[in-house]
Number of protein chains: 4
Amino acid sequence: MPKDQTAIHPRKRPRQARAAATFDAILEAAARILEKDGFDSVNTNAVAELAGVSVGSLYQYFPTKESILAELVRFYRNVLKEKVESAVAWGMDKTLEETIDLLLDAAVSHQLERPELALALEQVESILPLDKETLALTQTMVDNVEMLLSAHNVSNPGEASRDIVALVRGIVDAAGLAKEVDQAAIHRRVRRAVFGYLA
Amino acid sequence: MPKDQTAIHPRKRPRQARAAATFDAILEAAARILEKDGFDSVNTNAVAELAGVSVGSLYQYFPTKESILAELVRFYRNVLKEKVESAVAWGMDKTLEETIDLLLDAAVSHQLERPELALALEQVESILPLDKETLALTQTMVDNVEMLLSAHNVSNPGEASRDIVALVRGIVDAAGLAKEVDQAAIHRRVRRAVFGYLA
Amino acid sequence: MPKDQTAIHPRKRPRQARAAATFDAILEAAARILEKDGFDSVNTNAVAELAGVSVGSLYQYFPTKESILAELVRFYRNVLKEKVESAVAWGMDKTLEETIDLLLDAAVSHQLERPELALALEQVESILPLDKETLALTQTMVDNVEMLLSAHNVSNPGEASRDIVALVRGIVDAAGLAKEVDQAAIHRRVRRAVFGYLA
Amino acid sequence: MPKDQTAIHPRKRPRQARAAATFDAILEAAARILEKDGFDSVNTNAVAELAGVSVGSLYQYFPTKESILAELVRFYRNVLKEKVESAVAWGMDKTLEETIDLLLDAAVSHQLERPELALALEQVESILPLDKETLALTQTMVDNVEMLLSAHNVSNPGEASRDIVALVRGIVDAAGLAKEVDQAAIHRRVRRAVFGYLA
DNA sequence: GATGAATGAGTCTTCATTCAT
DNA sequence: GATGAATGAAGACTCATTCAT
């Protein structure tokens with residue numbers, strides 16, 4: 001439910017090694033607090049302390065609390081985006097089934113790596129006033145699936161891609177929430193839903 | 001991401017008409033703020049003002065801020081739970097297809113009635129330290145679906161019911177988020193996913 | 001050097017006696033700190049403490065630190081404005097000399113009552129982004145002098161009134177700064193400057 | 001409203017050309033920020049950046065933020081002081097009127113050169129804990145005027161010089177504040193006030 | 001019971017100053 | 001000497017909750 005224009009971008013990208021370490025430490029600290037205690041517990045003092053830096057340093061890199069969380073969203077979305085893009089690129093001359101399996105691997109492993117964090121970041125996305133670029137990362141994934149479906153002559157690929165992304169997310173989120181860890185099992189079930197939908 | 005033991009229940013259920021009106025006004029005010037401005041904007045002073053009562057009165061009914069939101073979750077969960085239960089009861093001697101259509105009607109119309117609120121309440125559920133009873137409401141829905149699937153000899157009904165509830169939620173949430181309003185269209189797509197899964 | 005749009009008005013005017021006492025206590029505390037330690041020492045915690053109220057209470061009445069100081073400016077400007085207006089009104093059928101003496105009495109006694117405060121408030125005026133109404137209070141005084149000069153056929157009353165107000169302020173400020181306390185002496189010297197200018 | 005004993009002097013006067021350039025760049029940067037955004041916006045990081053040096057270098061020359069502003073005050077005061085002194089020296093064998101005109105030229109042009117800066121520096125003077133030497137610069141000007149008045153047998157030259165300096169400042173400040181730029185016009189009006197006073 | 005004034009712990013953020021490289 | 005990353009004390013402001021009237 002974005003509303004106003006809080007600064008949402010890092011103040012500066014680190015150039016030197018030391019600075020990069022500080023930058024990363026801050027992001028990782030925020031991620032840890034987010035997955036352990038939830039959105040409301042992410043406060044700049046706690047993040048700085050866990051990162052082992054002073055608040056002052058935190059504010060050298062991030063102009064607002066929100067910008068830290070937004071950067072975290074960007075970072076994790078980007079990781080997934082790249083997996084999805086390379087899967088779709090790789091799959092251009094493969095069967096639809098093979099490519100979808102690769103995509104589902106990406107989605108499931110991405111969610112299961114740090115399930116609490118993945119869940120919490122979805123919350124953050126809906127709370128923060130994210131900018132176009134960041135929201136575009138999410139859209140990119142839908143777009144890639146649409147490209148894939150089109151290439152394989154699936155009818156109404158726009159609607160189908162949106163629904164598939166949504167249902168996969170639904171099942172994978174629920175699995176993460178239920179603290180399931182068996183990726184193969186989850187994969188099998190998501191697979192059933194996706195291919196059922198497409199059948 | 002529940003953490004500590006904040007009071008999560010109303011201080012007392014209203015007995016008299018006037019008290020009930022106040023109680024409801026507070027819940028509705030919280031709902032309005034939640035759907036309009038999001039979780040972070042729900043604060044007791046704002047809720048009391050919008051409800052047209054003093055903070056003092058608000059605290060007569062609700063011991064903590066969390067108890068207001070928790071009660072809101074309970075209320076909306078309950079509405080859905082009752083629709084689901086009656087659908088399943090009614091469907092005991094109908095075809096699986098007919099009953100599932102009824103369930104999906106319930107789910108879709110529930111979400112689309114106040115889509116912003118439905119979405120926000122899901123956030124609240126994941127932020128608040130809800131108690132067993134409240135969480136049980138969610139479980140009840142899964143249980144009902146499982147009963148239904150069992151009654152129709154679907155294999156592995158436990159897993160299937162969880163997945164179906166999850167994928168329906170995934171698609172319906174995404175539709176709400178995308179501000180779609182055509183319930184019939186959404187129903188058709190969710191239907192495709194569910195029956196595809198079951199096929 | 002006003003720049004942006006900080007809130008500059010009280011959140012609410014007190015209605016009850018207790019509230020009025022709090023409101024006044026806050027203004028007086030701000031005034032005391034201002035005259036004793038200067039603009040930079042006026043901070044909301046210090047003001048609240050000296051006023052004997054909590055920061056929370058302070059913020060019930062004043063939305064920003066600036067709004068406290070702005071209200072203080074308004075209050076003191078208003079006092080002077082009223083003295084000036086009544087002097088000019090009273091003087092409509094008197095000689096110019098008599099009326100100017102009355103005005104100078106007002107100006108000198110106003111400045112000498114709390115000289116440090118008067119000086120500090122002039123600083124505040126130049127630092128704060130005051131609104132039109134507040135700035136109009138200052139203008140009112142020039143306007144009144146202009147009316148007076150016009151009524152007595154002084155040539156170029158607009159320029160003269162501005163210059164007279166400015167030179168009076170210059171001398172009276174300097175006297176306050178030099179911790180002079182003999183109002184009669186100051187009056188005599190300001191008188192000499194004003195009548196010299198008009199001669 | 002001086003309070004404590006912050007270091008108020010440069011760490012060292014620059015001896016080499018490059019150091020002098022840095023020193024001046026810092027002062028000029030502070031002046032620019034002061035006149036553009038006001039006292040509260042003068043912070044050491046901003047000054048260093050605008051001056052094109054690192055904070056570290058800034059602190060090589062100035063031990064505290066205050067010392068920068070104090071030096072700025074000293075610098076501009078000194079410029080005026082020298083004009084005043086040479087005017088008075090030159091005027092020793094001229095008429096009072098001629099000399100005063102020269103003094104007023106100095107005062108008016110000094111103020112109108114960078115009016116925002118002149119005004120801001122007056123604020124700084126009243127905020128900063130300036131030391132005796134610096135305050136003495138102001139006194140020097142009064143003293144010079146007193147010498148002049150004495151030399152021309154004006155009665156009570158001490159009081160008169162203080163009043164004249166004060167009323168000139170009052171009118172000239174007001175003109176600067178009103179963004180007037182016609183130096184001749186201002187000169188004419190100040191002249192009227194001064195000679196009126198002396199008449 | 002109802003009111004709303006009062007409380008103060010908790011957060012965000014800035015900026016003068018230091019110091020390792 | 002110069003650099004700029006790091007520090008942390010200080011200050012503005014919010015909001016859940018209490019309690020005198």
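Numbered from 1 within each chain, the chains take letters A, B, ... in sequence-line order. Every heavy atom of this structure was used, including side-chain atoms; hydrogens, water molecules and symmetry mates were not.
- Take D:Arg77 and apply the salt bridge (charged side-chain N to carboxylate O under 4.0 Å, His left out) test, not counting sequence neighbours, and it matches D:Glu125.
- Using a 4.0 Å heavy-atom distance criterion, B:Arg11 is classed as making no nucleic acid contact.
- Applying the side chain to side chain contact (heavy atoms under 4.5 Å, CB included) test to D:Ala46 and every residue at least two apart in sequence or in another chain returns D:Ile33, D:Asn43.
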Under 3.5 Å, which donor-acceptor pairs do the side chains of residues 60-75 of chain C form with other protein atoms, sequence neighbours left out?
from    : atom 1 : to       : atom 2 : distance (Å)
C:Gln60 : OE1    : C:Lys12  : NZ     : 3.2
C:Thr64 : OG1    : C:Ala7   : O      : 2.7
C:Thr64 : OG1    : C:Glu66  : N      : 3.4
C:Thr64 : OG1    : C:Ser67  : N      : 3.0
C:Lys65 : NZ     : C:Val42  : O      : 3.2
C:Ser67 : OG     : C:Thr64  : N      : 3.3
C:Ser67 : OG     : C:Thr64  : O      : 2.6
C:Glu71 : OE1    : C:Arg13  : NH2    : 3.3
C:Glu71 : OE1    : C:Arg74  : NH1    : 2.7
C:Glu71 : OE2    : C:Arg13  : NH1    : 2.7
C:Glu71 : OE2    : C:Arg13  : NH2    : 3.4
C:Arg74 : NE     : C:Thr134 : OG1    : 3.0
C:Arg74 : NH2    : C:Ile8   : O      : 2.7

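- When heavy atoms are screened at a 4.0 angstrom cut-off, D:Val42 is found touching the sugar-phosphate backbone but no base atom.
- In terms of the side chain to side chain contact (heavy atoms under 4.5 Å, CB included) criterion, residue partners of C:Ala20 (sequence neighbours excluded) are, by chain and number, C:Pro14.
- A heavy-atom distance below 4.0 Å to DNA chain F is reached by these residues of residues 57-65 of chain C, ordered by number: C:Tyr59, C:Thr64, C:Lys65.
- Not counting sequence neighbours, the partners of B:Arg32 by the salt bridge (charged side-chain N to carboxylate O under 4.0 Å, His left out) test are B:Glu28.
- With DNA chain F read from its 5' end, the first of the two nearest nucleotides for D:Gln16 and B:Gly56 is the one closest to D:Gln16.
- On the nucleic acid side, DNA chain F has its first and last nucleotide under 4.0 Å of a heavy atom of chain B at F:dC15 to F:dT18, going 5' to 3'.
- Under the 4.5 Å side-chain criterion, counting only non-hydrogen atoms from C-beta, B:Thr22 is in contact with B:Ile26.
- Atom CD in A:Glu66 sits about 14 Å away from atom P in E:dT11, given to the nearest Å.
- Not counting sequence neighbours, A:Asp24 has no partner by the side chain to side chain contact (heavy atoms under 4.5 Å, CB included) test.
- Map A:Asn45 and B:Val55 each onto its nearest nucleotide of DNA chain E; the residue landing nearer the 5' end is B:Val55.
- Using a 4.0 Å heavy-atom cutoff across all strands shown, B:Asn43 reaches sugar-phosphate atoms only and no base atom.
- Under the side chain to side chain contact (heavy atoms under 4.5 Å, CB included) criterion, C:Ala29 pairs with C:Val47, C:Leu50, C:Ala51, not counting sequence neighbours.
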* Asked: Given C:Gln123 and C:Leu34, is the side chain to side chain contact (heavy atoms under 4.5 Å, CB included) satisfied, shown in steps?
  -> CA-CA 10 Å; C:Gln123 245 186 65; C:Leu34 194 57; over 6 Å; no
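- At a threshold of 4.0 Å, the pair B:Arg114-B:Glu35 counts as salt-bridged, since one of the basic side-chain nitrogens sits closer than that to a carboxylate oxygen.
- DNA chain E forms stems at E:2-21 with F:2-21, each a run of 3 or more consecutive Watson-Crick or G-U wobble pairs whose two key distances fall under 3.5 Å.
- A close approach under 4.0 Å does not occur between any side-chain nitrogen or oxygen of C:Ser54 and OP1 or OP2 of E:dG8.
- Residue pairs meeting the side-chain hydrogen bond (donor to acceptor under 3.5 Å, both in side chains) criterion with at least one member in residues 47-59 of chain A, sequence neighbours excluded: A:Ser54-A:Ser57.
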